[in-house]
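Side chains included, hydrogens not; waters and symmetry mates left out as well; all remaining heavy atoms used.
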Amino acid sequence: DGSPSAKDQKDLIPTLDSVRIDSTEITLSYAFGNLARTKTTETISIRRSTLRFVANTRAIDPKTRAVKSYDEVGYCSIYPK
């Protein structure tokens, strides 16, 4: 029926690769197998002083085997309690 097998679904679960927290920035990176049977890596960095974030997604194009990279930037919101 085209849906992923149980093994394929297990490979789709993200694994946390690294976390770095220092006085200026918080960064985390995780990877997972995607439906194209290649690896996708997400890295998110948040600048503590400005709450600006950069989210980077990297994946291998299954046809060309080239690495595609996409960046998203923005600001985190703070909601009052």
Excluding sequence neighbours, so at least two apart, what forms salt bridge (Lys or Arg N to Asp or Glu O under 4.0 Å) with [X]?
{"X": "R52", "value": "none"}
{"X": "D22", "value": "R20"}
{"X": "K68", "value": "D61"}

Discussion item. With clusters defined by side-chain heavy atoms of hydrophobic residues (ILVMFWY) lying less than 4.5 Å apart, directly or transitively, does L28 cluster with F32?
Written reply: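 F32 clusters together with L28.
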
Worksheet item: If you group Ile, Leu, Val, Met, Phe, Trp and Tyr by side-chain heavy-atom gaps below 4.5 Å, do Y30 and I26 land in one group?
Response: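 Cluster IDs for Y30 and I26 match.
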
Contacts of type side-chain hydrogen bond (donor to acceptor under 3.5 Å, both in side chains), residue [X], not counting sequence neighbours:
{"X": "T43", "value": "S29"}
{"X": "R65", "value": "none"}
{"X": "S69", "value": "N56"}

Worksheet item: Taking ILVMFWY side chains as joined if any heavy atoms are under 4.5 angstrom apart, and letting links pass through other members, which residues group with V54?
Response: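 Members besides V54, by chain and number: V73.
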
How close do [X] and [Y] get, heavy atom to heavy atom, and via which atoms?
{"X": "R48", "Y": "S23", "result": "CD-O, 3.8 Å"}
{"X": "I60", "Y": "T38", "result": "O-OG1, 3.2 Å"}
{"X": "Y75", "Y": "F53", "result": "N-CE2, 3.5 Å"}

Worksheet entry | side-chain contact (heavy atoms from CB on, under 4.5 Å) involving R47 - partner list, sequence neighbours excluded |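 Once residues adjacent in sequence are excluded, the partners of R47 under the side-chain contact (heavy atoms from CB on, under 4.5 Å) criterion are T24, E25, S49, T50.
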
Discussion item. So E42 and D17, do their side chains get closer than 4.5 Å, heavy atoms only?
Written reply: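 No, their side chains stay 4.5 Å or more apart.
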
